[in-house]
Q: 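The structure that follows is given in the form of structure tokens.
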Amino acid sequence: MIQWILWLGLKLSVSFVGAILLIFYAKKLSFFKQKLKGFVQTTLAFVISFILLWVGLSFAQYEWVGDDRQQEQYIEAVEYKTNIGQSDVYRYIQQSKIDEPVADYLLAQTAILHRPIDREVALAYLSKLAKIEKNDTSQMVTYGFKPEQMWMMQHQIYGKAVTPFAETVQNQVNEANRIVQIMQLILIALIISFTVLMMIFYLLNWRLSKRLGRIEQQLLQ
């Protein structure tokens, strides 16, 4: 979610500044200088540049974040047909000296990342982790577990945080959701504002052109 917010801010700033720079340097060329004489033409070119840059950055975001080889490796590691014991993660745990809580965490993640989600298995291992937290919360920190990790896992299975350790990040999640909603509203407002301004300027330019045409005809007569 934080990554999404950062990408949104990057796309907004780069698209806005980039569009301004493109128009600025385009006007230095004789061809575009003739085409971008009026305010309406300049504004339209700015909007088109903004959209093109936004689409380009969105494609880059998809390629960088969505098409990640590391994600493919995760999928291969957690893949199994009927039983979690068939997964590479389970075999690795059996061959390694890993503490039981860490093994429970890894197997819970494996069940969650499996497609479709193996809810029963994930629930069983999350229940074991919840018992560990209930007996001694400090063990969660000792084993390197983070509240964010537990919150995400519990949210995928239970639909909410169910242990105090995971609930400690709920306020941060709510704040992040609020920021995302605000950014979405700002983006929608900007798009609507650009559209309205374009329509106003287009109508003004059309009326001005018509009036100038009538004046020229009267002068010729």
Side-chain angles (χ1 to χ4, degrees), residues 1-17 53-54 57-75 77-78 84 87 89 93 98-193:
M1 187 174 297
I2 294 175
Q3 187 182 54
W4 187 89
I5 294 173
L6 292 174
W7 269 103
L8 179 61
L10 177 66
K11 289 192 289 187
L12 280 172
S13 56
V14 172
S15 299
F16 185 80
V17 176
L53 288 169
W54 182 277
L57 288 169
S58 297
F59 178 78
Q61 179 185 3
Y62 173 79
E63 288 295 317
W64 193 357
V65 179
D67 189 19
D68 195 344
R69 174 56 187 164
Q70 189 175 11
Q71 184 69 21
E72 294 179 4
Q73 293 173 347
Y74 287 148
I75 294 173
V78 302
I84 196 170
S87 66
V89 174
I93 291 172
I98 297 178
D99 292 333
E100 185 176 353
V102 178
D104 292 339
Y105 171 82
L106 292 174
L107 291 172
Q109 282 281 28
T110 301
I112 291 172
L113 292 173
H114 183 265
R115 291 294 177 266
I117 294 178
D118 196 340
R119 294 187 177 276
E120 291 185 4
V121 174
L123 181 60
Y125 286 111
L126 284 177
S127 298
K128 293 177 69 175
L129 289 171
K131 289 180 181 178
I132 294 172
E133 179 187 338
K134 184 178 180 180
N135 294 332
D136 187 1
T137 306
S138 63
Q139 287 190 46
M140 305 299 287
V141 179
T142 302
Y143 287 114
F145 300 141
K146 296 180 179 180
E148 295 86 353
Q149 296 170 328
M150 302 308 300
W151 181 91
M152 185 172 295
M153 294 170 67
Q154 292 177 10
H155 202 270
Q156 288 178 292
I157 300 302
Y158 301 104
K160 61 180 180 179
V162 296
T163 63
F165 187 69
E167 288 174 348
T168 56
V169 299
Q170 189 61 50
N171 290 335
Q172 299 176 22
V173 173
N174 293 338
E175 182 66 19
N177 287 332
R178 190 178 68 85
I179 292 173
V180 169
Q181 291 174 354
I182 292 173
M183 295 298 292
Q184 289 176 338
L185 290 174
I186 291 174
L187 180 60
I188 292 171
L190 286 173
I191 293 173
I192 293 174
S193 298

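These figures come from a predicted structure and were not determined experimentally.
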Q: Does Q181 reach the main-chain N or O of R178 with its side chain, forming a donor-acceptor pair under 3.5 Å?
A: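 Checking the backbone N and O of R178 against the side chain of Q181, no donor-acceptor pair under 3.5 Å is found.
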Q: Centroid-to-centroid, Y105 to F145, below 6.0 Å?
A: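 When the ring centroids of Y105 and F145 are compared, they turn out to be within the sub-6.0 Å range.
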Q: Does this structure show an ion pair linking E167 with K160, if we count only N-O contacts that are shorter than 4.0 Å?
A: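 So E167 does not pair with K160 through a salt bridge.
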Q: Roughly how far, to the nearest 0.5 Å, is NZ of K128 from CG of L123?
A: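 L123 atom CG to K128 atom NZ measures 12.5 Å (nearest 0.5 Å).
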Q: Say whether, by atom type as modelled, one donor and one acceptor occur between the side chain of D136 and the main chain of S138 under 3.5 angstrom.
A: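 Confirmed, D136 side chain pairs with S138 backbone.
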Q: For the CG atom of D104 and the CD1 atom of I98, what is their distance to the nearest 0.5 Å?
A: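 D104 atom CG to I98 atom CD1 measures 11.0 Å (nearest 0.5 Å).
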Q: Can you check whether F165's main-chain N or O pairs, donor with acceptor, with E133's side chain at less than 3.5 Å?
A: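 Judged by distance alone, yes, a pair lies under 3.5 Å.
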Q: Under a 4.5 Å cut-off applied to non-hydrogen side-chain atoms, are I157 and I117 in contact?
A: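 Yes, at least one pair of side-chain atoms sits under 4.5 Å.
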Q: Give, for atom CE of M150 and atom CG of L126, the distance between the pair rounded to the nearest 0.5 Å.
A: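 It is 6.0 Å, given to the nearest 0.5 Å.
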Q: What pair of heavy atoms forms the shortest contact from S15 to L57, and how long is it?
A: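 Where S15 meets L57 most closely, the heavy atoms are OG-CD1, 3.8 Å.
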Q: If you count the non-hydrogen atoms of other residues, nucleotides and ligands that lie under 6.0 Å from CD in Q139, is the total more than 12?
A: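 More than 12 within 6.0 Å, yes.
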Q: Kindly determine whether I84 and T110 satisfy side chain to side chain contact (heavy atoms under 4.5 Å, CB included), including the steps that lead there.
A: CA-CA 8 Å; I84 196 170; T110 301; 4.1 Å; yes
Q: Quick check for you: to the nearest 0.5 Å, what is the distance between Y158 atom OH and M153 atom CE?
A: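 Interatomic distance, Y158 OH to M153 CE, rounded to 0.5 Å: 9.5 Å.
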Q: Would you compute the distance between atom CG of N177 and atom CD1 of I182 and round it to the nearest 0.5 angstrom?
A: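 CD1 of I182 is found 11.0 Å from CG of N177.
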Q: Flag yes if more than 12 heavy atoms outside F16 fall under 6.0 Å of its CZ atom; otherwise flag no.
A: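 Atom CZ in F16 is not crowded, with 12 or fewer foreign heavy atoms closer than 6.0 Å.
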Q: Is it the case that the side chain of R119 and the backbone of Q156 share a donor-acceptor pair, with hydrogens and angles ignored and the cut-off at 3.5 Å?
A: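 Yes, R119 side chain to Q156 backbone: donor-acceptor pair under 3.5 Å.
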Q: So I93 and L106, do their side chains get closer than 4.5 Å, heavy atoms only?
A: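 Result yes, sub-4.5 Å side-chain heavy-atom pair found.
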Q: For the pair Q170 and N174, evaluate side-chain hydrogen bond (donor to acceptor under 3.5 Å, both in side chains) and give the outcome as yes or no after the intermediate values.
A: CA-CA 6 Å; Q170 189 61 50; N174 293 338; 3.1 Å; yes
Q: Any idea which heavy atoms bring A122 and A108 closest together, and the distance?
A: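 Reported closest heavy-atom pair: CB-O, 4.2 Å.
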Q: Any idea which heavy atoms bring Q149 and G144 closest together, and the distance?
A: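 Nearest pair, atom of Q149 first, then G144: OE1-O, 4.0 Å.
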Q: Within the 4.5 Å heavy-atom criterion, are P147 and M140 side-chain neighbours or not?
A: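 No, their side chains stay 4.5 Å or more apart.
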Q: Measure the spacing between CD1 of I132 and OG1 of T163 and express it to the nearest 0.5 Å.
A: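 If we round to the nearest 0.5 Å, I132:CD1 and T163:OG1 are 11.5 Å apart.
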